[in-house]
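Encoded as structure tokens, the structure appears first; notes follow it.
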Amino acid sequence: QFDPHQLPDRSTMVHLFEWKWDDIALECENFLGPKGFAGIQVSPVNENVIAPKRPWWERYQPISFILTTRSGNEQQFANMVKRCNKVGVRTYVDVVFNHMAAKQGGQAVGTGGSRAYPENKDYPAVPFTNADFHPSCGIQDYNDAYQVRNCELVALRDLNQTIPHVQNKILEFLDRLVDLGVAGFRVDAAKHMWPNDLRVIYGSLKNLNTAHGFPPNSKPFIVQEVIDLGGEGIKRDEYVDLGAITEFKVSAAIGKAFRGGDDLKNLKNWGEQWGFLESSKALVFVDNHDNQRGHGAGGADILTYKQSKPYKMATAFNLGFPFGITRIMSSFSFDDTDQGPPKDSSGNIKSPVIQKDGSCDAGWVCEHRWRQIYNMVEFQNQVKGTEVGNWWDNGKNQIAFCRGNAGFIAFNLESFDLNQDIQTCLPAGTYCDVISGDKVGSNCSGKKVLVGNDGKARIIIGPNEDDGVLAIHKGKKL
Ligand code: ARE
Ligand code: CA
């Protein structure tokens, strides 16, 4: 359950937050596959409550395990997974089974048309009844592990995963997704469930579907949402032998560094020495759907698309430095933190509109379609398996390093020029900087970097340029 089952020459997944299945299928074929993305994380696939004004977070309130949401129905989901697998893009589903929907103002109606009665803990479309839940109490003290796991997270009805019927219903749901060809799961609120119950559930899962290209006996990839910034009753270590973990320490530390709260030179030993989990167990990201809007963890350190220059720099570092299983966030734009995705007057989610230059419109940000980001996805694939070499820094906020003899990257967060001869470790020649531009035919629309016979090149990044990064690799030699 630690292997994300990505193609050997691919490395990163992208969270297409609130996208519709039909749109994702097209995105896999038209963009993600060709650009070398390894996978997608999708929003919860099972029926959720319809909440007033359709906030994004209604999808974290399950009504049943019927696969119908605003993103589409089961047949559309199945079709999407198949088409994405065909172009080498794996699907990871955000699965919510710590709880069911909270009490609503009135009757709870789901996106699949099912009714539920959360005040009585009655969800007939599963079915779950009162006996399947923990007695109601609130989580007041995150130092009390019992409370965190047996009480209600923000009033959400708390399932008791020790009960065989509950385990069986969860397993039926997860196994159905495995049958449809998914590669794994993001387990929502894992820290709110007992590790031993999760062990039973994960241990009983089906192997991945070989008809979708997975080798026989492959276990679904599991990444557990365990927020542990230190100092609470529940430790990520209790979950590490069960699957990968969302490493929120990375999100907070990378945001802080690229906001100028920490010298970039300190990133030299990025990894376990920073208190992060070991690389193969850590899911790492600059922001996620919670902390980009002040939910979850990380607070004011978190960078998002709204601070585009440092955000792109942080993303380039996250993809450029060999640490963790990487994930990119792809958002819709928002002002209000409850606001859901772009919708029409009937509440249906609107499709993103792709403009001539490849960027998105109609309320979708599509960070994954920003050149500086998707070109770093290619960089990461090109340097896969290499180590960091020839670290250089100016003693503060200018840094550069090689990735084997395959790639080189430099950052400037100072208010003055970076203008230096630096060792790039690349064979002599002219390379196209994939941040300021791209290789077009045999030319480069951005900066050209001339690497000499000694492997050195003059690297220039001004403080007022659009981007504070420069990246070259063997795949974009002129
Ligand atoms: C909404 C309303 C609530 C209302 C509730 C029920 O906002 O006011 O009471 O509905 O009617 C998301 C939203 C919630 C939303 C919920 C259900 O964020 O606002 O509630 O959906 O619709 C903790 C958990 C962690 C959780 C974060 C957000 O440990 O698991 O809080 N993250 C996941 C998802 C969320 C989702 C849920 C869980 C629920 O990613 O999107 O909630 O399914 C410290 C602790 C952390 C704690 C953090 C914030 O850092 O260490 O453990 O995270 O504080 O409290
Ligand atoms: Ca619980």
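Both counts, for ligands and for their atoms, begin at 1 and track the order of listing. Below, all heavy atoms of this structure are taken into account, side chains as well, without hydrogens, waters or symmetry copies.
For the atom pair H289 NE2 and R186 CZ, the distance stands at 5.0 Å (nearest 0.5 Å).
In terms of protein heavy atoms, atom 34 (C) of ligand 1 is closest to D188 OD1, 3.0 Å. The protein heavy atom nearest to atom 47 (C) of ligand 1 is Y142 OH, 3.8 Å. Nearest protein heavy-atom neighbour of atom 10 (O) of ligand 1: Q61 NE2, 3.0 Å. Atom 40 (O) of ligand 1 has as its closest protein heavy atom D290 OD2, 2.4 Å. In this structure, the protein non-hydrogen atom closest to atom 32 (N) of ligand 1 is E225 OE2, 2.8 Å.
In this structure, Y311 has its ring center no closer than 6.0 Å to that of F258. For H15 and Y92, the ring centers sit 6.0 Å or farther from each other. Between F37 and Y374, the distance from one ring center to the other does not fall under 6.0 angstrom. Aromatic rings from F185 and F221 are positioned such that their centres are separated by 6.0 Å or more. Between F128 and Y123, the ring centre distance reaches or exceeds 6.0 Å. Checked against the 6.0 Å centroid criterion, the rings of F317 and W270 qualify as a close aromatic pair.
A salt bridge between R83 and E29 is present, with a side-chain N of the basic residue lying under 4.0 Å from a carboxylate O of the acidic one.
For residue N150, no N/O/S atom approaches the Ca ion (ligand 2) to within less than 3.0 Å. Here D158 meets the criterion, with an N, O or S atom under 3.0 Å of the Ca ion (ligand 2).
Considering only non-hydrogen atoms, atom 31 (O) of ligand 1 lies nearest to L153 out of N48, L153, V148. Closest heavy-atom approach to atom 49 (C) of ligand 1 among the candidates G296, P118, A190: G296. When the heavy-atom distances from atom 53 (O) of ligand 1 to I234, I227, V154 are ranked, the shortest goes to I227. For atom 13 (C) of ligand 1, the nearest non-hydrogen atom from the set Y60, W56, F97 comes from W56. Checking E58, H295, Q104 against atom 14 (C) of ligand 1, the nearest heavy atom belongs to H295.
Residue A297 approaches ligand 1 through these ligand atoms, each under 4.0 Å from one of its heavy atoms: 50 (O). For ligand 1, the atoms lying closer than 4.0 Å to a non-hydrogen atom of W57 are 1 (C), 7 (O), 10 (O), 12 (C), 13 (C), 15 (C), 17 (C), 21 (O), 22 (O). Residue contact check: R186 has heavy atoms under 4.0 Å from atoms 34 (C), 40 (O) of ligand 1. Close approach to K191 involves these atoms of ligand 1, each under 4.0 Å from a residue heavy atom: 45 (C), 46 (C), 51 (O), 52 (O). Within ligand 1, the atoms closer than 4.0 Å to a non-hydrogen atom of H99 are 39 (C), 43 (O), numbered from 1 in the order shown. Listed by atom number, the atoms of ligand 1 under 4.0 Å from E232 heavy atoms are 44 (C), 45 (C), 51 (O). Atoms of ligand 1 lying under 4.0 Å from any heavy atom of A102, numbered from 1 in the order shown and given with element: 6 (C), 11 (O).
K306 forms a cation-pi arrangement with F334, by the criterion of a distance under 6.0 Å to the ring centre and an angle within 45° of the ring axis.
Between H192 atom O and R149 atom O, the angle centred on the Ca ion (ligand 2) amounts to 80° (nearest 10°).
Some N or O of H192 is nearer than 3.5 Å to an N or O of ligand 1, by distance alone.
Side-chain contact between L267 and K265 is absent, with no heavy-atom pair separated by less than 4.5 Å. Contact annotation: the side chain of T69 never approaches that of S43 to less than 4.5 Å [non-hydrogen atoms, C-beta and beyond]. Residues W21 and V45 have side chains in contact (heavy-atom distance under 4.5 Å, counting atoms from C-beta outward).
For atom 8 (O) of ligand 1, the protein comes within 4.0 Å by no heavy atom at all.
Residue H289 places a heavy atom less than 4.0 Å from ligand 1. Residue-ligand proximity: K103 is placed with every non-hydrogen atom at 4.0 Å or more from ligand 1.
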Exercise. Tell me, with the steps shown, if R54 and E58 meet salt bridge (Lys or Arg N to Asp or Glu O under 4.0 Å).
Key: CA-CA 7 Å; R54 313 306 307 262; E58 67 171 42; 2.7 Å; yes
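The number of heavy-atom neighbours closer than 6.0 Å to NZ of K86, taken from other residues, nucleotides and ligands shown, is 12 or below.
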